[in-house]
Amino acid sequence: MIKKIPRSFYERDDVVSISKELVGKVLCTNVDGVSTSAMIVETEAYNGRTDRACHAYPDVRTKRTETLYLKPGIAYVYLCYGIHHLFNIVTNKEGLADAVLIRAVKPLEGESYMAERRGQEQIKPSISNGPGKLAQALGITTSYDKTDLLGETIWVEDRGIKVPLDAIKAGKRIGVEYAGKDADLPWRFTLKNSEWVSR
DNA sequence: CCTACGATCTGCT
DNA sequence: GCAGATCGTAGGG
């Protein structure tokens, strides 16, 4: 029986807690007739109002960031470095622009499809141990920007996987040195001792 | 219109 | 550890 995470989970006002709680949840996609799923093992939190590392900070509404201002539980997918599609989940009340970046996952179902999309023969961490890699493995591209995660294309399930708080490590976020003191915020969460987290 | 650059990844040293 | 790939977005003229 499927337990899709409800909008009320995403709608809460603490993006850091949401980010932490998403570790151990299962990200599922059904695109191009292929179903895949993977456990989230690494996330990062971005706060739209206080966080210089967030695309929407301080209140930048543009064609790219307008997605961040939509309702919670919507996918924010954007292109980075011209090559990589990065998958985020919009959280908090509509119009506040908080988001969680999914940085790494452990494949569960449809592993062979994920390997094929990544052009790899074997199932190994390099299939999905980075934000650009997992998006490619799960078939997520910018064409899925604004997708509602309560629909049938991309969603997150709670499969009852227990992740105790002391099994999650908090650290600095990756690649946000430009954000000044906000670059030091411990808003990156990884599953300890998992070989599936990014480098 | 034009330019600079990025929430990354890969391959080479 | 570091440079290059590659293109949409944002900001300036």
Side-chain angles (χ1 to χ4, degrees), chain A residues 10 15-20 22-23 27 38 40-70 72 74-92 96-107 114-147 149 154 156 168-191 195-199:
Chain A
Y10 305 114
V15 68
V16 176
S17 294
I18 295 173
S19 184
K20 200 183 303 180
L22 279 171
V23 174
L27 177 59
I40 297 168
V41 297
E42 177 173 347
T43 63
E44 282 181 2
Y46 288 84
N47 182 300
R49 278 102 44 230
T50 65
D51 176 11
R52 291 181 56 185
C54 184
H55 290 155
Y57 177 87
D59 190 21
V60 185
R61 293 177 189 251
T62 63
K63 188 150 171 58
R64 179 176 69 157
T65 64
E66 66 179 6
T67 305
L68 285 166
Y69 291 93
L70 299 179
I74 294 284
Y76 169 48
V77 186
Y78 75 98
L79 190 67
C80 187
Y81 297 98
I83 309 171
H84 308 290
H85 303 262
L86 271 57
F87 173 74
N88 301 249
I89 301 174
V90 177
T91 72
N92 210 335
L96 295 182
D98 283 356
V100 175
L101 168 68
I102 308 301
R103 289 192 54 87
V105 299
K106 172 188 177 181
M114 296 167 91
E116 186 182 330
R117 282 171 176 149
R118 292 276 301 131
Q120 293 187 178
E121 304 284 324
Q122 313 247 324
I123 311 295
K124 54 185 178 185
S126 60
I127 286 182
S128 60
N129 65 348
K133 298 181 198 175
L134 77 88
Q136 184 183 21
L138 293 168
I140 299 172
T141 65
T142 51
S143 63
Y144 293 98
D145 187 43
K146 298 185 179 67
T147 297
L149 302 188
I154 306 173
V156 183
I168 297 177
K169 178 182 174 182
K172 285 201 238 180
R173 294 173 294 178
I174 305 295
V176 296
E177 292 77 12
Y178 63 87
K181 65 173 173 48
D182 292 334
D184 295 327
L185 292 169
W187 285 2
R188 175 188 181 217
F189 301 101
T190 55
L191 187 59
E195 60 177 335
W196 298 94
V197 303
S198 70
R199 301 190 300 154

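Keep in mind that the numbers below use all heavy atoms, side chains included, and drop hydrogens, waters and symmetry copies. Residue numbers start from 1 in every chain, and the chains themselves are labelled A, B, ... in the order their sequence lines are given, proteins ahead of strands.
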> Tell me: NZ of K133(A) to P of dA7(B), nearest whole Å?
Replying inline: 18 Å
>> Within this structure, what is the OG-CG distance for the pair S19(A) and N47(A), rounded to the nearest 0.5 Å?
In response: 11.5 Å
> Rounded to whole angstrom units, what separation is found between the NE2 atom of H55(A) and the P atom of dC5(B)?
Replying inline: 16 Å
> For G175(A) and Q136(A), take the nucleotide of DNA chain B holding the closest heavy atom to each; which residue's nucleotide lies nearer the 5' end?
Replying inline: G175(A)
> S126(A) and R118(A): which non-hydrogen atoms are nearest, and at how many Å?
Replying inline: O-NH2, 3.0 Å
> H55(A) and Y78(A): aromatic ring centres closer than 6.0 Å?
Replying inline: yes
> Can R117(A) and Q136(A) be counted as having a side-chain donor-acceptor contact under 3.5 angstrom?
Replying inline: no
> In whole Å, what is the span from the CD1 atom of I127(A) to the P atom of dT10(B)?
Replying inline: 12 Å
>> How many whole angstroms separate atom CG of N129(A) from atom P of dT8(B)?
In response: 13 Å
> Which letters describe nucleotides 4-13 of chain C, given B = protein heavy atom under 4.0 Å from base, S = only from sugar-phosphate, - = neither?
Replying inline: -BBBSSS---
> Rounding to a whole Å, what distance do you find between R52(A):CZ and dA7(B):C1'?
Replying inline: 15 Å
> Under the side chain to side chain contact (heavy atoms under 4.5 Å, CB included) test, which residues partner A104(A), sequence neighbours left out?
Replying inline: V41(A), E42(A)
> I174(A) CD1 to dG6(B) P: how many Å, rounded?
Replying inline: 16 Å
> Do side-chain atoms of D145(A) reach the backbone of V77(A) as a donor and acceptor pair under 3.5 angstrom?
Replying inline: yes
>> For Watson-Crick and G-U wobble pairs within 3.5 Å on both distances, what is DNA chain B written in dot-bracket notation, | included for inter-strand pairing?
In response: ||||||.|||||.
> Do you know which two heavy atoms are closest between I127(A) and A137(A), and how far apart they sit?
Replying inline: O-CB, 3.7 Å
> Salt bridge between D98(A) and R49(A), side-chain N to carboxylate O under 4.0 Å?
Replying inline: yes
> Does any donor atom in the side chain of D59(A) or Y69(A) lie under 3.5 Å from an acceptor atom in the other side chain?
Replying inline: yes
> When the P atoms of dT6(C) and dC2(B) are considered, how many whole Å apart are they?
Replying inline: 22 Å
